Structure formats: C-alpha cells, structure tokens
Amino acid sequence: MWKFIVKRILWVIPVLLGASLLVFTLLYFSPGDPATTFLGMNATEEETLEFNVKHGLDKPFFTQYTNYIKDIVTEFDFGNSYKNNVSVSQRIKETVPLTFKLALCSVLVMILVGIPLGIISALKQYSILDNIVSVLGMFGVSMPNFWLGLQLILLFALKLRWLPASGFNTPVQYILPSLTLGIAAAASLMRTTRSAILEVMRQDYIKTARAKGQSEGIIIFRHMLKNALIPIITVVMAQFSALMGNAIVVESIFSIPGLSKMMIEAVTTRDYIVVQGAVLVIAFTCCVVNLLMDLSYAMIDPRIKAQYVNQGKKARYKRKEVVKQNE
C-alpha cells in the first residue's frame with residue numbers, strides 16, 4: 001500500500017512539469033507582447049528592453065522555462081506580476097484559501113442535496129417522486145451558474161434582504177455562492193447516486209439482509225450506500241477539482257477575490273506570469289485530489305486494499321526467489 005502511495009506521489013512531478021511546460025509554451029507563443037501591453041504602443045526601445053530584462057523575457061525559451069521552474073523548486077517563487085510587480089506567490093497565498101473554501105462549501109451543498117435525493121429517487125423508482133427529482137436534476141444540470149447566481153441575489157439579497165449580495169468573509173456570505181455552485185453539482189451527484197443505488201439494491205446480499213429482518217435504515221446506509229460509494233466518491237472528487245478551476249463566474253458575480261478571478265483578470269491583461277502560477281496550483285490540487293480518491297477507494301472497498309497488499313506480497317516473494325536462485 002505504501003509503495004502505491006509513494007508511486008502516486010512521484011507521478012505528481014512529471015504531471016506538474018508537463019502542465020507547466022504546456023502552459024508556458026502556449027503563453028510564450030501567443031500573440032502579443034507583454035512589454036507593449038503594459039508600457040503602451042508609444043514605449044521606446046530602451047523602456048521595452050528594460051522591461052524584458054527585468055522580467056527575464058530577453059532570454060531564449062528554454063532558458064526562461066528552466067529559470068522559472070528552478071525558482072519555484074528552490075524558493076517557491078512564481079515571479080512578479082507584469083502589471084504591478086507584486087509577487088505572484090503572495091497573491092496565490094491570498095487567493096487560494098478563498099477558492100478552496102468556496103469549492104469545499106459547494107461540495108458540502110452537493111453532498112447534502114445530491115445523495116439524499118439520489119437515494120430517495122432510487123428507492124421510489126418510476127414513482128411520481130422519482131419523476132419530479134429527475135426533472136429537477138435535469139434542470140439543475142442545464143442551468144447556467146451565472147443565471148442561478150443572479151436569481152439568488154435578486155431573491156435573497158434584494159427582495160427578502162436575508163443574505164448579503166457579495167463578499168466571502170463571514171459564514172452568512174458563504175451561502176449564496178455555495179448554493180450557486182453546489183446546486184448544479186448536486187444534480188450530477190443525484191443522478192450518479194440513483195444509478196449506483198439501483199445497481200446495488202438488486203444484489204443478493206440485499207435480499208439476504210431483508211430476509212434476516214434487518215431494518216430498512218441499516219440496509220440502505222450500511223449495505224446499499226456503502227457498496228455504492230465508489231462512483232459517488234469519484235463524482236465528488238471530480239467536482240471538487242472542477243470547482244477549483246471553474247469558479248470564475250461565481251467569484252465575479254459575488255465579488256470574491258479568489259484564484260479563478262485572479263486568473264481571468266490576468267488573462268485579460270496578458271499578465272502571463274500570474275496565469276502560469278494559477279494553472280500550476282490548480283494542477284497540483286487535481287493531483288492531490290486524485291491521490292486522495294484512490295486512497296479512499298482502498299478504505300471503502302476491502303477488495304481494492306487486498307489487491308494492493310497482494311501485489312506487495314507477490315513482489316516481496318519474487319525478490320526472495322531471485323535471491324535464493326542467485327545463492
């Protein structure tokens with residue numbers, strides 16, 4: 001098991017290098033010149049040269065890339081913004097917690113809404129309640145986040161005046177942004193939960209549990225839900241990774257100075273060094289989430305954990321056999 005964990009952690013390194021090289025290459029060869037963008041068309045050659053030298057843009061492509069990676073590895077330095085010369089590392093430290101908190105709250109909404117509705121829909125298959133939940137799920141999946149966010153602001157902030165329309169500093173301010181992102185994700189989770197529960201509830205061990213006289217609550221949560229958790233966890237983890245990078249609209253609507261908003265502002269102003277740092281952080285988050293997802297599989301399903309353990313035993317047995325043959 002530990003060998004698998006170490007292997008997955010080591011795989012993070014080439015993934016991050018590949019993501020950084022891809023983004024760096026795309027931004028390097030994209031049209032436009034940062035010096036012209038920030039200094040203006042009337043900038044002199046001396047000013048342009050000074051700007052390029054200051055930010056290391058006068059060097060060849062591979063020299064720029066290797067210097068960029070070396071600064072990140074040795075000093076955790078993502079460079080300075082072309083726009084205001086502020087440290088990108090400092091901006092990432094300020095914005096990542098807000099986006100992470102928003103994604104976490106949205107996932108919580110997704111779980112609290114999607115899993116119960118999916119279970120109810122599966123247990124009441126083909127009933128009126130099942131049809132209503134399915135229609136709501138289709139509506140939630142197809143509903144744009146920006147429209148839902150604006151409607152929630154109009155209803156709860158302007159008309160009812162129950163909740164603030166912007167900000168993300170107090171628990172009350174978490175509600176509207178989390179609902180905006182969480183409802184659409186809950187619709188996807190609800191459909192996945194329904195399918196997983198329908199597949200599990202027809203198994204023989206469910207019939208055996210009912211024949212033994214176990215209560216319906218124990219059957220649902222201990223036998224059905226537990227054995228249907230793998231696809232559910234897959235959706236939850238995938239949605240969390242997606243929300244870390246797709247919260248741009250919600251952060252703009254609710255004036256949340258998060259990572260996604262910082263990245264889209266950097267794209268519009270051609271502040272490429274900020275874009276590179278934001279993409280690397282999102283890629284690292286996705287790698288960590290995928291690792292946690294694989295570990296959660298082993299914790300939930302003993303068969304998967306036994307597979308990793310057996311692979312380790314087989315590897316140790318082969319090594320012992322090789323040693324014996326050499327002797």
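Keep in mind that what you see is a predicted model, and the values were worked out from it rather than measured.
- Considering every non-hydrogen atom in both Met224 and Ile220, the closest pair reads CB-O, 3.2 Å.
- Each of Val289, Val288, Asn290 was scored for a side chain to side chain contact (heavy atoms under 4.5 Å, CB included) with Leu292, with one residue passing: Val288.
- No close placement of the Phe168 and Phe254 rings is indicated, their centers lying 6.0 Å or farther apart.
- Other residues, nucleotides and ligands contribute over 12 non-hydrogen atoms within 6.0 Å of the CG atom of Leu10.
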Show, in sequence, the C-alpha distance, side-chain angles and deciding distance for Phe100 and Phe240, and conclude whether the ring-ring contact (aromatic ring centres under 6.0 Å, His included) test is met. CA-CA 9 Å; Phe100 183 84; Phe240 181 83; 5.5 Å; yes
Please assess Val236 against Met293 for the test side-chain contact (heavy atoms from CB on, under 4.5 Å), listing each intermediate value before the final yes or no. CA-CA 9 Å; Val236 171; Met293 182 169 58; over 6 Å; no
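- You'll find the side chain of Leu21 stays beyond 4.5 Å of the side chain of Leu17, heavy atoms only.
- Under a 3.5 Å cut-off, the side chain of Ser121 and the backbone N or O of Gly118 do not form any donor-acceptor pair.
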Please test Phe51 against Leu57 for side-chain contact (heavy atoms from CB on, under 4.5 Å), starting from the C-alpha separation and ending with a verdict. CA-CA 8 Å; Phe51 181 91; Leu57 301 177; 4.0 Å; yes
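- Smallest separation of non-hydrogen atoms from Asn80 and Val88: C-CG2, 4.0 Å.
- Taking both residues in full, the closest heavy atoms of Leu243 and Ser106 are given as CD1-CB, 3.7 Å, listed atom of the first, atom of the second, then distance.
- Checking side-chain atoms of Asp271 against main-chain N and O of Val267 turns up no donor-acceptor pair under 3.5 Å.
- The distance between the ring centers of Tyr65 and Tyr28 does not fall below 6.0 angstrom.
- Using a 4.0 Å cut-off between a side-chain N of Lys or Arg and a carboxylate O of Asp or Glu, Lys70 and Glu75 do not qualify as a salt bridge.
- The shortest distance between side-chain heavy atoms of Asn227 and Tyr205 falls below 4.5 Å.
- From Ile206, atom CD1 reaches atom CD1 of Ile197 across 8.5 Å, with rounding to the nearest 0.5 Å.
- Side-chain contact of Asn84 with Ser81: a donor-acceptor pair under 3.5 Å is present, judged by distance alone.
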Under the side-chain contact (heavy atoms from CB on, under 4.5 Å) rule, what do Leu102 and Leu98 come out as? Steps first, then yes or no, please. CA-CA 6 Å; Leu102 175 60; Leu98 294 175; over 6 Å; no
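- Thr193 contributes no side-chain N or O that, together with a main-chain N or O of Ile119, makes up a donor-acceptor pair within less than 3.5 Å.
- Between Val281 and Leu259, the closest heavy-atom pair is CG1-CD2, 4.1 Å.
- Heavy atoms of other residues, nucleotides or ligands lying less than 6.0 angstrom from OH of Tyr126 number 12 at most.
- Considering all non-hydrogen atoms of both residues, Lys124 and Asp130 come closest at O-CB, 3.1 Å.
- No side-chain donor from either of Thr180 and Asn145 sits under 3.5 Å from a side-chain acceptor of the other.
- Side-chain polar atoms of Thr99 and Glu251 form a donor-acceptor pair below 3.5 angstrom.
- Ser178 OG to Leu112 CG: the interatomic distance, rounded to the nearest 0.5 Å, is 11.0 Å.
- Side-chain contact between Met263 and Ile282 is present, with at least one heavy-atom pair separated by less than 4.5 Å.
- No donor-acceptor pair closer than 3.5 Å links the side chain of Gln203 to the backbone N or O of Val200.
- Residues Ser241 and Cys286 approach most closely at CB-SG, 3.8 Å, considering heavy atoms.
- More than 12 heavy atoms of other residues, nucleotides or ligands sit less than 6.0 Å from atom CD of Gln151.
- Rounding to the nearest 0.5 Å gives a distance of 12.0 Å between CG of Asp58 and CD of Glu50.
- No donor-acceptor distance shorter than 3.5 angstrom exists from the side chain of Gln276 to the backbone of Phe24, with no hydrogens or angles considered.
- Contact of the Leu280 side chain with the Phe284 side chain is not registered, since no non-hydrogen atoms from C-beta on lie closer than 4.5 Å.
- Arg91 places no side-chain N or O within donor-acceptor distance of the main-chain N or O of Ser87, the cut-off being under 3.5 Å.
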